[in-house]
Amino acid sequence: MLLELFNEGEKFYATNVEEKCLFVLALCLQYSLPMNILVLNCGSSTIKFQLIATDLNAIEQNTDRRLARGVIERIGGEAVLTLQVEGQTVQRATALLHDIRAATDYIIRWACSEASGLTEIQSVTDIQAVGHRVVHGGERFIQSALITDEVLRGIEDCIDLAPLHNPANIKGILAVRELLGAGLPQVAVFDTAFHQTLPEHAYLYALPYQLYRRHRIRRYGFHGTSHRYIAYRYRHLRNLSREDVNIITLHLGNGCSAAAIKGGNSIDTSMGMTPLEGLMMGTRSGDLDPSIVDFVSLKEGLSAREVESLLNKQSGLLGISGLTHDMRDLLDEAHENKDRRALLAIQIFCYRVRKYLGAYLAAMNGADAIVFAGGIGENSAEIRAQICAGLECFGLQLSAERNAEIAYLREGLISTDDSRLAAYVIPTDEELLIARDTVRCVQLSNPA
Ligand code: ADP
């Protein structure tokens with residue numbers, strides 16, 4: 001569309017898709033037009049994506065627009081697709097998609113097709129850049145980065161630390177290079193980057209120091225994009241400067257983590273070298289005595305790898321309840337059938353979050369607020385109330401009315417006006433932050 005509008009009257013001889021894309025990108029930068037950013041979150045057999053229109057003005061005024069979103073699951077065979085243009089009905093489909101490249105190709109073709117109903121995108125030239133969620137950036141990436149060959153090598157170097165995740169992220173980057181051309185800007189936004197401000201005393205494990213030196217064994221933390229987004233929204237809600245943000249953020253979804261944010265920086269977080277440590281999660285155990293690994297291995301005749309899989313996939317809410325990893329189903333079970341182990345799983349979950357809150361309040365010498373996010377944190381007033389019960393000693397007074405009334409996808413205060421420690425719900429939006437970081441990185445690399 002833009003191409004037709006702007007190349008009239010100009011001499012423009014693009015010979016391939018990449019040149020056309022770059023021409024339109026240059027126009028966007030020159031005339032401060034919103035850019036359409038494709039956000040990709042590539043897993044081993046799943047891709048989540050969003051298309052978001054944004055630019056520096058939209059970021060400033062919080063007027064970015066989500067155009068479409070979708071998930072492709074079971075990549076490798078007959079994949080299951082859920083696609084939705086904003087404001088329209090969900091489209092479901094299946095397709096034979098052998099790998100991440102084929103799935104990425106499908107997403108781009110769908111977005112450009114008339115059948116999608118997406119009027120803003122009519123050809124690939126209407127996609128100006130791509131932002132990728134990259135799980136592990138090690139100690140090297142302290143912020144989002146425009147992907148060059150050197151950055152790509154850096155992401156490859158972190159494969160050791162995230163063998164299940166980084167390879168899929170790299171496949172997504174290479175697929176876009178192949179499909180849209182190497183010149184189209186791509187940006188990597190790292191889950192670990194926000195936590196690179198952790199001080200040494202918080203990120204080191206009490207292991208022989210040589211293990212850190214030799215293998216970089218340390219706490220990295222994850223969900224960084226989510227914690228950063230929540231802190232950013234809190235700052236705007238309260239009209240504070242970054243240095244005045246002293247909060248504990250709770251990302252409670254299938255994966256769960258807490259972060260202590262002091263002076264706007266993450267100073268501690270519950271996930272560790274991998275996302276297994278910390279809070280109890282849907283299927284992950286969270287913290288446990290490391291000796292249990294060997295003990296279970298001996299008693300159950302499992303290899304170390306099998307025990308690790310048990311801790312990642314069969315523990316947490318699922319392990320305790322024996323029913324489900326899904327908090328909503330667990331709450332239903334607890335209410336309808338008073339299932340003892342469902343109740344117990346919920347109790348352990350909330351107790352452990354509360355323990356982390358206490359620890360971080362001590363680590364930070366007090367905080368101004370705790371903020372709930374993630375599928376559980378945003379949607380379950382009951383879990384929020386159960387977590388907050390017993391924190392009155394820290395000055396937290398939850399408002400039962402505000403907590404019950406805060407609706408789906410709404411942000412706001414849920415504590416009373418005179419609560420010394422405030423509590424908020426702020427729906428997280430990692431994709432939006434990835435799109436915004438992508439725009440910022442592209443702008444930085446193309447100064448006016
Ligand atoms: P992910 O971490 O995969 O992004 P989400 O952030 O969507 O996952 O969180 C999923 C979790 O949120 C599930 O345990 C789900 O049951 C829970 N959840 C969603 N809605 C509710 C609700 N209304 N009440 C309680 N739990 C909910």
Side-chain angles (χ1 to χ4, degrees), residues 39-50 69-74 80 82 84 90 133 135 164-165 168 189 191 221-230 233 249-259 269-271 274-276 278-286 312-336 339 342-343 345-350 352-353 371-388 403-411 414 425-434:
V39 176
L40 289 179
N41 178 354
C42 298
S44 53
S45 63
T46 304
I47 299 186
K48 290 185 188 164
F49 75 92
Q50 289 199 11
R69 68 174 91 193
V71 187
I72 304 187
E73 291 163 291
R74 299 197 205 153
V80 179
T82 313
Q84 187 178 27
V90 176
R133 174 190 181 213
V135 167
L164 297 178
H165 297 100
V189 180
D191 253 27
F222 298 87
H223 288 148
T225 314
S226 174
H227 290 292
R228 177 156 75 98
Y229 179 80
I230 301 163
R233 280 306 308 158
T249 48
L250 296 170
H251 177 110
L252 307 179
N254 282 315
C256 300
S257 67
T269 191
S270 58
M271 284 178 166
T274 76
L276 182 56
L279 302 174
M280 178 183 185
M281 310 180 210
T283 60
R284 289 179 221 150
S285 64
N312 270 300
K313 297 185 180 152
Q314 294 170 47
S315 304
L317 295 174
L318 172 67
I320 295 289
S321 71
L323 293 171
T324 173
H325 70 277
D326 190 288
M327 182 59 95
R328 202 171 1 187
D329 294 345
L330 216 48
L331 285 165
D332 286 347
E333 195 61 35
H335 293 151
E336 284 163 25
D339 183 272
L343 284 161
I346 295 165
Q347 192 180 15
I348 300 174
F349 181 90
C350 296
R352 290 192 168 201
V353 176
V371 187
F372 290 92
I376 301 171
E378 290 161 27
N379 297 306
S380 179
E382 184 177 343
I383 296 293
R384 291 193 298 260
Q386 201 164 325
I387 289 170
C388 292
N403 186 36
E405 278 166 14
I406 196 135
Y408 178 61
L409 286 184
R410 288 283 304 279
E411 56 189 14
I414 54 167
V425 173
I426 297 184
T428 193
D429 198 339
E430 290 160 281
E431 290 79 9
L432 180 62
L433 204 50
I434 292 173

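We use all heavy atoms of the structure for the numbers below, so side chains are in, but hydrogens, waters and symmetry mates are not. Just so it is clear, the structure is predicted and the values come from calculations on it, not from any experiment. Order of listing sets the numbers, starting from 1, for every ligand and every atom in it.
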Show the short N or O contacts, below 3.5 Å, that ligand 1 makes with protein N or O atoms; if there are none, say 'none'.
unit_1	atom_1	unit_2	atom_2	d
ligand 1	2 (O)	Asn254	N	2.9
ligand 1	3 (O)	Asn254	ND2	2.9
ligand 1	6 (O)	Gly375	N	2.9
ligand 1	8 (O)	Asn254	N	3.4
ligand 1	8 (O)	Asn254	ND2	3.3
ligand 1	12 (O)	Ile376	N	3.3
ligand 1	14 (O)	Met327	N	3.0
ligand 1	16 (O)	Asp326	OD1	2.6
ligand 1	16 (O)	Asp326	OD2	3.4
ligand 1	16 (O)	Met327	N	3.2
ligand 1	16 (O)	Arg328	N	2.9
ligand 1	20 (N)	Asn379	ND2	3.4

Notebook entry, point to check: At what distance, to the nearest 0.5 angstrom, does CG of Leu330 lie from OG of Ser380?
Noted result: 10.5 Å
Check: Considering the options Arg133, His227, His165, His223, which one meets the side chain to side chain donor-acceptor pair (under 3.5 Å) requirement together with Asp191?
Finding: Arg133
Item checked: Minimum side-chain heavy-atom gap Arg228-Leu433 below 4.5 Å -> yes
Item checked: CD on Glu431 to CD on Gln50, rounded to 0.5 Å -> 4.0 Å
Notebook entry, point to check: Taking all non-hydrogen atoms of both residues, which atom of Thr269 and which atom of Ala258 are closest, and how far apart?
Noted result: OG1-O, 2.8 Å
Item checked: Residue pair Asp339, Ser321: steps toward the side chain to side chain contact (heavy atoms under 4.5 Å, CB included) verdict -> CA-CA 9 Å; Asp339 183 272; Ser321 71; 5.5 Å; no
